[in-house]
2 protein chains.
Amino acid sequence: MEKVPEQCRVEDALNIITGKWKPIILLHLLQEGTQRFSELKQKMPGVTQKMLTKQLRELEEEDIIQRTIYPQVPPKVEYAMTDYGRSLEPILEAMHEWGRNHTLRKRQKQQSPTS
Amino acid sequence: MEKVPEQCRVEDALNIITGKWKPIILLHLLQEGTQRFSELKQKMPGVTQKMLTKQLRELEEEDIIQRTIYPQVPPKVEYAMTDYGRSLEPILEAMHEWGRNHTLRKRQKQQSPTS
DNA sequence: CTCCACGGTATCATAAAAGATACCACACCA
DNA sequence: TGGTGTGGTATCTTTTATGATACCGTGGAG
């Protein structure tokens, strides 16, 4: 998604949190704190090694999360939100809240499809 | 983007507002009120007829915007936010605000890349 | 030796999103 | 009769995102 001139600063946030697994990663890190790779993977059924890695790297790239490698064998890598990353929380909150009402609404529509 | 079990209600909002032109459309409709197709198109340099139509249709599908056709020739079609659509405003606000700080931050990083 | 755990990478295939381009309908106006 | 303006649709191509699959490195346990 390229940038369109003025106004649309909205895109920046959007570019960062869109990606099939990013919101989920962020929620896990926000709600449960630092996690290692394998923990995240386990909590995200369906994700591939590659995809998880990729999304994590992209978030790291943007300074949203921080990657810490422990020089051990077998390897241990932890991911944590940065302070900057935490600044996304209001957005995620707002979306979460909205989403709840949205699903309610969908249910209502199903119950009275004739209206 | 498929749904992943619980927690991630965030996705619903995300699914609705992601799309290369959707945020821009929404901002225009929110900030400037009802607009006709050609007005939007004109305000969104680079968008194709097809793309604009598609994104508008998707938003309409979700009841975020309303499409009104006036039986004239040449045709006149207006797009407006629905009340439901306006409920997205806090999210867009939050992202807009965040985006502003983000660009500030990027500027700072460019000025002191050595830190 | 051999195998395992962990967190990867590399390669290839598929799906989804976006874009370019051409065409359409129709009342009206010259 | 032909051109114009609006808001489209239909095809085809390109670009991005996602996914499947196989392989890698290391040090300790057996």
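Hydrogens, waters and symmetry mates are skipped; everything else that's a heavy atom, side chains included, is used. Within every chain, numbering begins at 1; the chains are lettered A, B, ... in the order of the sequence lines, protein sequences first and strands thereafter.
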- Please report, rounded to the nearest Å, how far the P atom of C:dA13 is from the CE atom of A:M51. 17 Å
- Message: Any side-chain N or O of B:S38 below 4.0 angstrom from OP1/OP2 of D:dG7?
- Response: yes
- Note on the structure: A:K50 atom NZ is separated from C:dT11 atom P, nearest whole Å, by 11 Å
- Query: Which nucleotide, D:dT18, C:dG19, D:dT6, lies nearest any side-chain atom of B:K20?
  - Reply: C:dG19
- Query: Base, sugar-phosphate, or nothing for B:T48, non-hydrogen atoms under 4.0 angstrom?
  - Reply: base
- Query: When the nearest nucleotide of DNA chain C is assigned to A:V73 and to A:Q49 on a heavy-atom basis, which residue is associated with the more 5' position?
  - Reply: A:V73
- Query: Does A:Y79 have A:R36 sitting over its ring (NZ/CZ under 6.0 Å from centre, angle to axis within 45°)?
  - Reply: no
- Message: Between A:E32 and A:K43, does any side-chain N to carboxylate O distance fall below 4.0 Å?
- Response: yes
- Query: Considering only side-chain heavy atoms of B:R57, which listed nucleotide, D:dG8, C:dG8, D:dG19, is closest?
  - Reply: D:dG8
- Query: Any side-chain N or O of A:R36 under 4.0 Å from OP1/OP2 of C:dC6?
  - Reply: no
- Specify the separation, in whole Å, of atom CD1 of B:I69 and atom P of C:dA25. 18 Å
- Query: Is there a side chain to side chain contact (heavy atoms under 4.5 Å, CB included) between B:L26 and B:L59 once you walk through the steps?
  - Reply: CA-CA 9 Å; B:L26 295 177; B:L59 290 171; 4.0 Å; yes
- Message: If I take atom OH in residue B:Y70 and atom C1' in nucleotide D:dG8, what distance separates them, rounded to the nearest angstrom?
- Response: 18 Å
- Query: Is any side-chain N of the basic residue among B:E78 and B:R67 closer than 4.0 Å to the acidic one's carboxylate O?
  - Reply: no
- Query: Where the side chain of B:P74 is concerned, which of C:dC6, D:dA20, D:dT6 is the nearest nucleotide?
  - Reply: D:dT6
- Item | Between C:dA27 (P) and B:K76 (NZ): distance, integer Å | 18 Å
- Message: Nearest whole Å is fine: how far is C:dG7 P from A:K41 NZ?
- Response: 10 Å
- salt_bridge(B:D12, A:R100) N-O dist < 4.0 Å: no
- In whole Å, what is the span from the CD1 atom of B:I24 to the P atom of C:dA18? 11 Å
- Message: Of the options C:dG8, D:dG8, C:dG7, whose atoms approach the side-chain atoms of A:R67 most closely?
- Response: C:dG8
- Message: Looking only at the side chain of B:Q55 (C-beta and beyond, no hydrogens), which of the listed nucleotides C:dG7, C:dA20, C:dA18 gets closest?
- Response: C:dA18
- Message: Under 4.0 Å, counting only non-hydrogen atoms across every strand here, what does B:Y79 touch: a base, just sugar-phosphate, or nothing?
- Response: sugar-phosphate
- Note on the structure: note: B:N15, atom CG; D:dT18, atom P; distance rounded to Å ~ 11 Å
- Message: Using heavy-atom distances to pick each residue's nearest nucleotide on DNA chain C, tell me which of B:E58 and A:F37 is more 5'.
- Response: A:F37
